[in-house]
Number of protein chains: 2
Amino acid sequence: MKDFNKLSERQRNMLRYIEKYTADHGYPPTIRQIGENTGINSTSVVNYNLNKLVQAGYLTRSQHVSRGLRLTGPVPGSKGKVAAVQASAAFSRIPIIGHIFASEPVPVPDDYSYDEDSMIEVTKDLLGGTDPSQAYALKVKGDSMIDAMIREGDIVIFRKQETAKNGDMVAVWLTDKSETTLKYFHNEGSRIRLQPAHPHMEPIYVDPRVCKIEGKVLSVIRHI
Amino acid sequence: MKDFNKLSERQRNMLRYIEKYTADHGYPPTIRQIGENTGINSTSVVNYNLNKLVQAGYLTRSQHVSRGLRLTGPVPGSKGKVAAVQASAAFSRIPIIGHIFASEPVPVPDDYSYDEDSMIEVTKDLLGGTDPSQAYALKVKGDSMIDAMIREGDIVIFRKQETAKNGDMVAVWLTDKSETTLKYFHNEGSRIRLQPAHPHMEPIYVDPRVCKIEGKVLSVIRHI
DNA sequence: TTGACAACCGAACCCATGTTCGTCTATACT
DNA sequence: AGTATAGACGAACATGGGTTCGGTTGTCAA
């Protein structure tokens, strides 16, 4: 979470107001109420800053829902008893930095500054112990990952790494074919065996020199 | 305050729902949501009973304010503290009540005991808005769900329901074949089309009489 | 039978409220 | 100067969601 002091004064005031209003009324304020009480004259500016606060991890929003705000925790410096709760955060927020499909390499986090808008909350067990700061997510485009039992729209959670242990599922870029694929990794010395997750499909064997590991697959999430 | 037991069953359900929804979301439900979740078909009836509850002292309302509800205290019989603590939780715990494979019907939660050991934490977005109390999880055994793009070991999150809308992914028990399958549901009048998630596989058509819906698939989780 | 009343229904109505968009300013970098 | 970007503004838009109203059903007592 971004440092509270790094937020703009406006944003801090907004958080304080939201906390206070919610405590006073039992339900959160509207965008217009937030604006009126923090000296903002336009609903769009409130909306803009609310999204900033979501990105910074201070609250969550429900789209198209009136008063659909929720603080993720107490506002620093307040005496609010607003559910301190999940300080022990059993989940974390990781960025969805782009899409994955067969014909292009897998994006990796510092390839470019990613769109902060798209974050996903995942429970820690989906990260398999990986430090959340090393994890990122990609959304699958197209049906090219079918042999990995992964569909269009699935969200694949990766850990950034360029080596793999046998049995890991990895994203590899095959430099000779200019193709990305998700397979189980098995180093057999002179060659690498890439085993599809689909039990009826045959492995492929590649030269280690054309096999660039781009990340390790930690988990897959599918919304229906 | 009027005795809680003097309230109608509906009114008690409404209070319970309001408390639970507020705890789950951080803001109160709308009149329509209350109706949908307590079996009331008209907003005016919800409104009517909300006013009754105000008279009875159980809640206060703000006129012309969406979600302008507030409970005056914990609802008798509920675990109010738990709700308060979970107030900002963006995830919930749902039970893993068993396994799913082709040759047996899908287990359905009986309201009784779950093994506390087998619970899984999921972020709310995996439930697609479903009340967490209506959700449960099953672990996939065997490779029989391959046509649904689901592997051994995947965790499938269901919602308990016996009907489906077109386009839902459902677990169905085919009484003539004694077989469970996961497919997209399309009612075509005289027959039901069950479409595999796998894009290269053909749908099957079944008689509505042999097609027993056991639950709706909300999401799938795969740990690697 | 009739009237009063509690409970309920469905649809219409319309304000409440989130979202989008074109525009503007200030600042920083090239 | 020219361009990019963050922050802000206000108006228009579309939908969310509370309110109202005419009508129905069932119960109870006069």
Side-chain angles (χ1 to χ4, degrees), chain A residues 2-3 5-15 17-18 21-22 24-56 58-71 112-118, chain B residues 2-15 17-18 21-22 24-71 125 128-129:
Chain A
K2 196 169 168 182
D3 186 339
N5 295 311
K6 289 284 174 46
L7 300 174
S8 73
E9 184 57 32
R10 264 194 175 174
Q11 287 163 1
R12 288 195 291 273
N13 283 336
M14 285 171 61
L15 285 178
Y17 177 72
I18 292 168
Y21 184 99
T22 307
D24 286 348
H25 294 81
Y27 46 85
T30 67
I31 281 185
R32 285 172 179 79
Q33 288 172 323
I34 296 170
E36 285 161 16
N37 289 278
T38 55
I40 298 176
N41 294 315
S42 171
T43 58
S44 65
V45 176
V46 177
N47 186 52
Y48 172 85
N49 282 292
L50 282 178
N51 287 333
K52 288 287 173 195
L53 289 169
V54 171
Q55 288 165 26
Y58 284 92
L59 47 80
T60 60
R61 296 185 74 186
S62 304
Q63 301 240 317
H64 302 285
V65 168
S66 48
R67 304 169 189 272
L69 301 174
R70 140 178 277 176
L71 294 172
Y112 47 89
S113 67
Y114 47 80
D115 182 3
E116 283 262 357
D117 288 332
S118 39
Chain B
K2 195 170 169 182
D3 186 339
F4 186 67
N5 295 310
K6 288 285 174 43
L7 299 174
S8 73
E9 183 57 30
R10 264 193 174 174
Q11 289 163 1
R12 287 195 292 271
N13 283 337
M14 286 170 60
L15 285 178
Y17 176 73
I18 293 168
Y21 184 100
T22 308
D24 285 346
H25 294 81
Y27 46 85
T30 67
I31 282 186
R32 285 172 178 80
Q33 288 172 323
I34 296 170
E36 284 162 15
N37 288 278
T38 56
I40 299 176
N41 294 315
S42 173
T43 57
S44 63
V45 177
V46 177
N47 186 52
Y48 173 84
N49 282 292
L50 283 177
N51 288 332
K52 289 288 173 194
L53 289 168
V54 171
Q55 287 166 28
Y58 285 93
L59 48 81
T60 59
R61 297 185 73 186
S62 305
Q63 302 252 316
H64 300 284
V65 168
S66 40
R67 302 171 189 271
L69 302 173
R70 145 172 265 178
L71 294 172
D125 60 341

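Convention: sequence-line order gives letters A, B, ...; per-chain numbering from 1.
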Inset, instruction - Find the distance B:Arg61:CZ to D:dG17:P and express it as a whole number of Å. - result: 14 Å

Legend entry - Parallel, tilted or perpendicular: ring planes of B:Tyr21 versus B:His25, cut at 30 and 60 degrees: parallel

Legend entry - Within residues 38-45 of chain A: residues closer than 4.0 Å to DNA chain C (heavy atoms): A:Thr43, A:Ser44

Inset, instruction - Please report, rounded to the nearest Å, how far the C1' atom of D:dG16 is from the NE2 atom of B:His64. - result: 16 Å

Legend entry - Beyond-backbone contact of A:Ile18 with A:Leu59, side-chain heavy atoms, under 4.5 angstrom: yes

Legend entry - Which residues share a side-chain contact (heavy atoms from CB on, under 4.5 Å) with B:Asn51, sequence neighbours left out: B:Asn47, B:Arg61

Legend entry - Test side-chain hydrogen bond (donor to acceptor under 3.5 Å, both in side chains) applied to B:Thr60 - qualifying residues, sequence neighbours left out: none

Inset, instruction - Round to the nearest Å and state the distance from A:Arg12 atom CZ to D:dG7 atom P. - result: 13 Å

Inset, instruction - Applying side-chain contact (heavy atoms from CB on, under 4.5 Å), name anything that partners A:Ser44, two or more places apart in sequence or on another chain. - result: A:Ser42

Inset, instruction - Heavy atoms of chain B, cut-off under 4.0 Å: which first and last nucleotide of DNA chain C, 5' to 3', fall inside that, if you could look? - result: C:dA6 to C:dT17

Inset, instruction - Identify, between B:Lys52 and B:Ser66, the residue whose nearest nucleotide on DNA chain C lies closer to the 5' end. - result: B:Lys52

Inset, instruction - Could you list the residues that satisfy side-chain hydrogen bond (donor to acceptor under 3.5 Å, both in side chains) with B:Arg10, not counting sequence neighbours? - result: none

Legend entry - Pairwise side-chain contact, A:Ile34 with A:Ile40, heavy-atom cut-off 4.5 Å (strictly under): no

Inset, instruction - Check whether any side-chain nitrogen or oxygen of A:Arg10 sits under 4.0 Å from OP1 or OP2 of D:dG7, and answer yes or no. - result: no

Inset, instruction - Report the distance from atom CD1 of A:Ile31 to atom C1' of D:dG16, rounded to the nearest whole Å. - result: 13 Å

Inset, instruction - Would you indicate which nucleotide in D:dA12, D:dA8, D:dT19 comes nearest to any side-chain atom of A:Arg32? - result: D:dA12

Legend entry - Nearest-angstrom distance from the residue atom CG of B:Asn47 to P of D:dC21: 12 Å

Inset, instruction - Any chance you could measure B:Thr38, atom OG1, to B:Asn49, atom CG, to the nearest 0.5 Å? - result: 8.5 Å

Inset, instruction - State, to 0.1 Å, how close B:Pro28 and A:Pro28 come at their nearest heavy-atom pair, and which atoms those are. - result: CD-CD, 4.5 Å

Legend entry - Length of the line joining B:Tyr48:OH and D:dC21:C1', which is rounded to integer Å: 15 Å

